[in-house]
Amino acid sequence: MRGLWSYTLWSREKRRLTKQLLLCNRLSTPVVVRCAASQVVNHGEVLQRQEDFAKYNSHSRSGSFLYSIVGFGAGLILGAILKSHYNEWSRSKRYLTNVLPSVSAASPFTFTPAVDHNNNETNSAKQEATLSKRITHNFIADAVEKASDKVVYIDIKDARRSPYVKCGQTLSNGSGFIVSEDGLILTNAHVVTNRPRSSTILVRLHDGSECEGVVEDIDAISDLALIRVKRCSLSPAPLGKSSDLRPGEFVAALGSPLSLCNTVTAGVVSSVGRASKELGLRGRDIHYIQTDAAITFGNSGGPLINMDGEVIGINSMTVTSGISFAIPIDYAKEFIAKAEKKRAELAKYPEAQGPDRRRYLGITMLTLTPSIMQELQSRGNMTNRFPPDLTHGILVWKIVVGSPAYQAGLQPGDIITHINNHDINSSRDVYKFLEGRGELSMTVVRNGQRYFVSVVPEE
């Protein structure tokens with residue numbers, strides 16, 4: 001670089017001196033010139049300097065050519081180095097663009113103005129919005145729409161008559177969903193068990209129609225049950241695979257919490273294999289689905305769906321807010337297959353139809369034989385309780401609290417003389433009526449007075 005700078009200064013000095021020499025030759029007189037070093041020289045000295053400069057110029061030409069070659073080579077090398085660095089930077093930038101996650105947030109509305117034939121935007125089109133993006137981005141709503149009409153509300157009602165409630169008192173409630181076109185509904189076992197024998201299962205479909213259901217099969221270990229309703233051409237819910245479920249997936253819980261039908265709660269899958277031992281549930285070998293979707297009382301038995309609208313679990317229980325559990329649908333598929341196989345075997349080898357099972361009344365009876373009646377009438381405190389014309393009946397010794405007899409108003413010490421206008425001579429006569437169906441109209445003697453009591457035994 002220092003040699004190149006010296007060459008540039010000498011070139012400038014050469015041009016200036018050449019101009020002065022040409023001027024001197026024209027005037028043919030000694031002329032005083034001033035060089036770059038501010039020294040005064042005459043015409044002879046100028047000629048001497050011109051000869052020296054010509055000699056130096058012959059040597060400097062070869063040096064300048066060498067400098068040019070070196071500079072050109074250095075430029076090529078520097079350009080190649082910069083090019084390689086640029087290519088490497090471009091590749092790294094392109095790799096980071098592919099690796100790093102990108103987030104594209106959707107605006108609530110998008111505006112696409114209309115354009116006329118002359119490609120001019122009209123004022124009215126600028127003010128009109130196109131279809132809202134909530135129609136295309138609400139994936140939870142799309143999934144719920146596919147499965148919501150398959151969810152049912154299950155109401156357990158007390159079928160016994162009550163002077164205060166005409167339609168029967170609601171004992172408990174839950175949810176379920178349709179799994180076959182011929183009216184098969186899947187729910188939790190604890191929804192339909194531990195209920196009075198006189199209670200009935202009322203199923204309310206999505207369209208508001210109600211029908212009575214019958215428990216067809218129960219698996220208390222997996223907490224699953226099947227209910228059959230007399231309806232055909234129902235739309236079953238699509239069943240997915242819980243084995244394909246991943247933590248972090250969006251899910252939605254459908255059901256009727258606190259008797260509020262068609263309720264939807266959403267969340268994510270917290271765990272796909274929460275063992276029953278971790279929950280303190282003994283005797284169960286089930287790996288539950290943990291989710292933060294709210295599952296409240298009444299959601300039990302409802303479906304837990306993925307974003308394809310497929311059922312991947314059955315809402316079962318909740319521990320606290322944000323921690324709920326569902327039974328994987330793979331367990332339910334096995335349960336449904338076993339129930340179908342059992343149903344086919346019963347249809348192939350039907351059992352002989354025996355007498356109806358004895359219904360439950362809830363009393364302890366004592367047959368009034370002539371000797372017992374004579375002994376009771378001989379007691380002073382029992383005289384007023386036995387009318388003179390009393391010749392047969394049974395004595396109510398004890399009553400179970402909450403039983404049908406207790407609900408009907410029977411009391412210990414009552415004497416039942418007739419049921420449905422038939423004489424009762426022993427406890428065997430009462431058992432025969434309990435093997436039948438329908439309510440029992442009883443004639444009861446209490447403190448010497450006769451009363452009429454209607455009782456509906458539990459099945």
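We count residues from 1, following the sequence as given. Since we're looking at a predicted model, the values are computed, not measured.
The shortest distance between side-chain heavy atoms of I314 and Y331 does not fall below 4.5 Å. By the 4.5 Å heavy-atom criterion applied to side chains, D429 and H422 are not counted as neighbours. Counting only heavy atoms from C-beta outward, the side chains of L202 and T200 never approach each other to under 4.5 Å. Between S256 and C261 the shortest side-chain heavy-atom distance falls below 4.5 Å. Side chains of R228 and R343 form a contact here, defined as non-hydrogen atoms less than 4.5 Å apart. Under the 4.5 Å side-chain criterion, counting only non-hydrogen atoms from C-beta, V268 is not in contact with V251. Looking at Y153 and E210, their side chains never come closer than 4.5 Å, going by heavy atoms from C-beta outward. Annotation: side chain of L410 is in contact with side chain of M442 (closest heavy-atom distance under 4.5 Å).
Rounding to the nearest 0.5 Å places CG of D330 at 12.0 Å from CD1 of I286. Atom CD1 of I295 and atom CG of L254 lie 11.0 Å apart (nearest 0.5 Å). Atom-to-atom distance recorded for T187:OG1 and I185:CD1 is 9.0 Å, nearest 0.5 angstrom. Atom OG of S316 sits about 11.5 Å away from atom CG of L304, to the nearest 0.5 Å. Rounding to the nearest 0.5 angstrom, the gap separating the CG atom in N299 from the CG atom in L258 is 8.5 Å. Rounded to the nearest 0.5 Å, atoms OG1 (T170) and CD1 (I156) are 9.5 Å apart.
Counting only distance, with no hydrogens or angles, the side chain of T265 and the backbone of A294 share a donor-acceptor pair below 3.5 Å. Listed for the S209 side chain is no donor-acceptor partner under 3.5 Å among the backbone atoms of L205. With hydrogens and angles ignored, the 3.5 Å screen pairs no side-chain donor or acceptor of N420 with any backbone N or O of L440. Judged by distance alone, with hydrogens and angles left aside, the side-chain atoms of T318 form no donor-acceptor pair with the main-chain N or O of T296 at under 3.5 Å. Between the side chain of T291 and the backbone N or O of S324 there is no donor-acceptor pair closer than 3.5 Å. In this structure, the side chain of N262 does not engage the main chain of S148 through any donor-acceptor pair within 3.5 Å. With N447 contributing its side chain and Q449 its backbone, the two residues share no donor-acceptor pair below 3.5 Å. Of the possible polar contacts, one joining the N188 side chain to the G301 backbone as a donor-acceptor pair under 3.5 Å is found. When atom types are taken as modelled, the side chain of K150 and the backbone of V179 share no donor-acceptor pair closer than 3.5 angstrom. Under a 3.5 Å cut-off, the side chain of N306 and the backbone N or O of I312 do not form any donor-acceptor pair.
Here the closest heavy-atom approach between residue P328 and residue S242 is recorded as CB-OG, 3.4 Å. Residues I424 and H392 come closest through the heavy atom pair O-ND1, 3.3 Å. Shown here for G393 and I415, the closest heavy-atom pair between the two residues is CA-CG2, 4.4 Å. The two atoms that bring V151 and P303 nearest to each other are CG2-CG, 3.7 Å, heavy atoms only. Residue I394 comes nearest to S426 through the heavy atom pair CG2-C, 3.6 Å, listed as atom of the first residue, atom of the second, then distance. Nearest heavy atoms, E310 versus L239: CB-C, 4.4 Å.
Around the NZ atom of K398, the shell of radius 6.0 Å holds no more than 12 heavy atoms that belong to other residues, nucleotides or ligands. Atom CD of E278 has more than 12 neighbouring heavy atoms from other residues, nucleotides or ligands inside a 6.0 Å radius. In this structure, Y451 places its OH atom where more than 12 heavy-atom neighbours from other residues, nucleotides or ligands lie under 6.0 Å away.
By the 4.0 Å N-to-carboxylate-O rule, D308 lies too far from K146 to be salt-bridged with it.
For E249, the salt bridge (charged side-chain N to carboxylate O under 4.0 Å, His left out) partners two or more places apart in sequence, or in a different chain, are R246. With sequence neighbours left out, S300 forms a side chain to side chain donor-acceptor pair (under 3.5 Å) with H190.
Judged as a ring pair (Phe, Tyr, Trp, His ring centres under 6.0 Å), the pairs with a partner in residues 210-256 (not counting sequence neighbours) are, in order, F139-F250.
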